[in-house]
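For clarity, every value in this text was computed on a predicted model and none was experimentally measured. Labels below follow one simple rule: chain letters A, B, ... track the order of the sequence lines, proteins then strands, and each chain is numbered from 1.
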Amino acid sequence: MKINIEFSGGLETVFQNIRKYSIDLEAPSDGSPLNIKYLLTYMVDVLMDADSKANGGVGLFLLDGLIRPGVLILINDTDWELEGEEEYLLQEGDIILFASTLHGG
Amino acid sequence: MKINIEFSGGLETVFQNIRKYSIDLEAPSDGSPLNIKYLLTYMVDVLMDADSKANGGVGLFLLDGLIRPGVLILINDTDWELEGEEEYLLQEGDIILFASTLHGG
Amino acid sequence: KESNDFPLSLEEYQRYGRQLLVPQVGMKGQLKLNNAKVLVVGAGGLGCPSLAYLAGAGVGTIGIVDHDTVDISNVHRQFLHSSVRVGMYKVDSAIEYLKELNSNVTYIPYRFGINNENAFKIFSQYDLVLDCTDLPKTRYLISDVSSLLGMPLVSASALKTDGQLAIYNYLEGPCYRCLFPVPPPANSVLSCGDGGIIGPVVGVMGVMQAIEAIKVITGAYEDGSVEGGFIFGLTLLGAYCSPQWKFIRMRGKKNNCKICGEAPVIKRDMIESGQMDYSEFCGSAGPVKTL
Amino acid sequence: KESNDFPLSLEEYQRYGRQLLVPQVGMKGQLKLNNAKVLVVGAGGLGCPSLAYLAGAGVGTIGIVDHDTVDISNVHRQFLHSSVRVGMYKVDSAIEYLKELNSNVTYIPYRFGINNENAFKIFSQYDLVLDCTDLPKTRYLISDVSSLLGMPLVSASALKTDGQLAIYNYLEGPCYRCLFPVPPPANSVLSCGDGGIIGPVVGVMGVMQAIEAIKVITGAYEDGSVEGGFIFGLTLLGAYCSPQWKFIRMRGKKNNCKICGEAPVIKRDMIESGQMDYSEFCGSAGPVKTL
Ligand SMILES: [Zn+2]
Ligand SMILES: [Zn+2]
């Protein structure tokens, strides 16, 4: 299934400095659902660069396996809270945007 | 057929000062195609307000029956020149944006 | 300004003539601007452009809060502060500039930072707050206080090449805490000083704050001037993305919000007494990591 | 600035430090900015914010063209010109301000309007042009000249509550005339003076011009900093719409364009000799109608 991943606000720095991914995601082999929860682990396993992983990059993305506070997940330009959060089942062509809150001014 | 019309840059002033229309367009009774050309005449006949019509409003929208220079037509966020211009056949749910070029600074 | 027929002075008619012509402002809007009291917290990269356009538009009273002084590294983006004013309080530098721009406005300087004790006293003298600061703990304090006082909050932020904008505590919309109940880990937070910033990127967000402030003050979201009324969401800028701008519709008020929910647990006295410790809540800023 | 190891002065390191930190600019980009020559045509509602941020960013040479003097009705949006400088040439008022902001920049004043005779001589001394003017005939002249000279043109415009932005003559993209081969009827054209303008609406477009100018100068569209490279289109702002920003992908270069097409018919000598009459081409501005 084709899924688009985009970053806004800086998270791309731990994902090989690439702001947009177009990935082909297969259903997990253990039969678990192809949802956002699975996408998060996939991103750490496959897309995060080794250097970032070695230097605490996971902690900038996840906290206790959940998305870390200060990162908004947007599913096709809509807040994931309106879409079922972690349990949202990915659909062909979805655009998942990870927006880190900025504080600078 | 449901068609959305939007204005940017000022043309709404001759269309009852409404920036967004959602209209239900029927195929012309004379069998001619439901294209942009037809939409333009429909807009003058049905959507333009009488006051504007009496005060040269048509001339701000059309010139010799064609869209007047300085107005861009965008079909679903794409230049109509890439879509067949006047002959473009309207599709259910299309968003047609009429953008007048601005010159102020 | 004696009679109702001529509610503005001749100088004001001339000065505001171009915006009086715009139907969404007009005389009714101009009078609302003239009577408005706006507090701008932070006179930096966001504050400078917001202040220039709010003063230009004739907002009656503008309060400016900033404890900081002008540094040469500010000047590339904080254009109210010229090189010749390095070392001055930003608040004084800004007001020196703004008075020359528009002396019809009353400018009120606060040459210190917003904190638990002073926030309510200062905020309660204004109708609207602009958050132009750059630390999570200040952003939570500003949001909590303005929410408890029922004041709309026009908030923006920027870093590197990106920017964000939202209006909190407005109409039926959420507060900052509804969106971000838990602060980000301190090591994930970068200021413009640490992470860098392109001047016009933060600039454009500050100007957008001025647009939104004018719309809120003149009632544009309530009188039909904005088609569809107020929809809560975030406006995102990625200056090196294509397209550069994105609007994201966001969740509304949260029932369990500690500030604006059904059973709020954070109250004014808890903030003023210092029981609510924003530094502790947001964590001390340890060594800063990559974003 | 003697050695290659320290290409900037200490003052410049401090001044530009925040943008040097941004990878898309960095030292390489800063040196390109320092060496760039940018011409800003029009020191009004668009020119003021563009100029403030280009000067702040350290563009090496900035030319400013404007025949006009400061009027009190300008000040609400043209924040380089303060009330105390009413009556001064806008060019002089702007430079007085900009010198205090950043004296490292060379500012070149042109206290007259761009016309057929002077345009090529002036333009050919710069790398990049910003169109911050407000009349169709000037916009066509600026586009024709910059296209014939092969210079990128960052163009913006605004009226009432709306704004537009595009980069012409850039990479494989079109010129202004490719998009608008026929000028609008003179009675359909409104200036900000006639139609009105909200200050920060034109302001935000000027700041966007500064962002695009910095991207073009530093090569961001060519070195991969902008994902997908350069896509020609218009960025539209509707400050009272929701969402406020829209990007519209537009047609490319037109084969039959009279300036940049395969068999161009308008040449430099036709412009300089006055054979190409822009006033006639755009029609005389008769009594202005509703848009
Ligand atoms: Zn809340
Ligand atoms: Zn061309």
Side-chain angles (χ1 to χ4, degrees), chain C residues 11 14-25 49 52-53 56-58 71-73 75-77 79 82-84 97 100-103 160-161 192-201 203-204 207-208 210-211 214-215 220 225-228 231 235 239-247, chain D residues 11 14-25 49 52-53 56-58 71-73 75-77 79 82-84 97 100-103 160-161 192-201 203-204 207-208 210-211 214-215 220 225-228 231 235 239-247:
Chain C
E11 196 260 9
Q14 293 170 332
R15 177 184 288 273
Y16 307 127
R18 297 301 176 266
Q19 80 195 24
L20 285 167
L21 278 173
V22 179
Q24 289 87 343
V25 176
Y53 286 104
D71 182 84
I72 187 65
S73 66
V75 176
H76 89 104
R77 65 194 187 281
F79 61 79
S82 65
S83 311
V84 298
Y97 168 96
E100 292 204 348
L101 190 75
N102 192 354
S103 61
K160 297 181 186 181
T161 63
C192 291
D194 303 318
I197 182 74
I198 292 183
V201 169
V204 93
V207 184
M208 290 299 295
I211 293 179
I214 290 172
K215 284 158 70 182
S225 298
V226 176
E227 213 112 17
I231 297 162
T235 298
Y240 285 70
C241 297
S242 179
Q244 295 178 280
W245 293 92
K246 219 172 200 171
F247 178 80
Chain D
E11 195 260 10
Q14 292 170 331
R15 179 184 287 273
Y16 307 127
R18 297 299 176 266
Q19 80 195 23
L20 285 166
L21 278 172
V22 179
Q24 289 89 342
V25 177
Y53 286 104
D71 183 83
I72 187 67
S73 66
V75 176
H76 90 102
R77 66 193 185 283
F79 60 78
S82 65
S83 311
V84 297
Y97 168 95
E100 292 204 348
L101 190 75
N102 191 355
S103 61
K160 296 181 185 179
T161 62
C192 291
D194 303 318
I197 182 73
I198 292 182
V201 169
V204 93
V207 184
M208 289 300 295
I211 292 178
I214 290 172
K215 284 159 69 182
S225 297
V226 176
E227 213 112 19
I231 297 162
T235 300
Y240 285 69
C241 298
S242 180
Q244 293 178 281
W245 293 91
K246 221 173 197 170
F247 177 80

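The parts of D:Ile197 that come within reach of chain C are both its backbone and its side chain, each placing non-hydrogen atoms under 4.5 angstrom from that chain. Using a 4.5 Å cut-off between heavy atoms, C:Val84 contacts chain D through both its backbone and its side chain. Proximity to chain C involves both the backbone and the side chain of D:Val204, based on heavy atoms less than 4.5 angstrom apart.
For the set D:Leu20, D:Thr161, D:Leu21, D:Asp71, the entry with the most heavy-atom pairs within less than 4.5 Å of chain C is D:Leu21. The residue among D:Gly228, D:Gly17, D:Ser225 with the most heavy atom pairs within less than 4.5 Å of chain C is D:Ser225. Options C:Gly199, C:Ala57, C:Gly196 differ in how many heavy-atom pairs under 4.5 Å they form with chain D, and the most are formed by C:Gly196. Annotation: maximal heavy-atom pairing with chain C below 4.5 Å, among D:Lys246, D:Met208, D:His76, D:Gln24, occurs at D:His76. Heavy-atom pairs under 4.5 Å with chain D were tallied for C:Val201, C:Val22, C:Asn102; the largest tally goes to C:Val22. With chain C as the partner, the residue from D:Glu11, D:Arg77, D:Glu227 showing the most heavy-atom pairs under 4.5 Å is D:Arg77. Your options are C:Gly203, C:Ala210, C:Pro243, and the one with the most heavy-atom pairs under 4.5 Å with chain D is C:Gly203. Most heavy-atom pairs under 4.5 Å with chain C, from the set D:Val226, D:Leu101, D:Ile214, D:Val25: that is D:Leu101.
Side chain of D:Lys215 to backbone of C:Ala239: a donor-acceptor contact under 3.5 angstrom is found.
A side-chain contact (heavy atoms from CB on, under 4.5 Å) with D:Ser73 is found for one member of C:Arg18, C:Gln19, C:Arg15 and no other, namely C:Arg18.
Using a 30° and 60° split on the angle between ring planes, C:Tyr97 and D:Tyr97 fall in the perpendicular class, above 60°. Ring geometry for C:Tyr53 versus D:Phe79: interplanar angle over 60°, hence perpendicular rather than tilted (30 to 60°).
Side chains of C:Gln244 and D:Phe247 form no contact here, defined as non-hydrogen atoms less than 4.5 Å apart.
Residues C:Ser82 and D:Glu100 approach most closely at CB-O, 3.4 Å, considering heavy atoms. Nearest heavy atom pair, residue D:Ser83 against residue D:Val75, reads OG-CG1, 4.1 Å.
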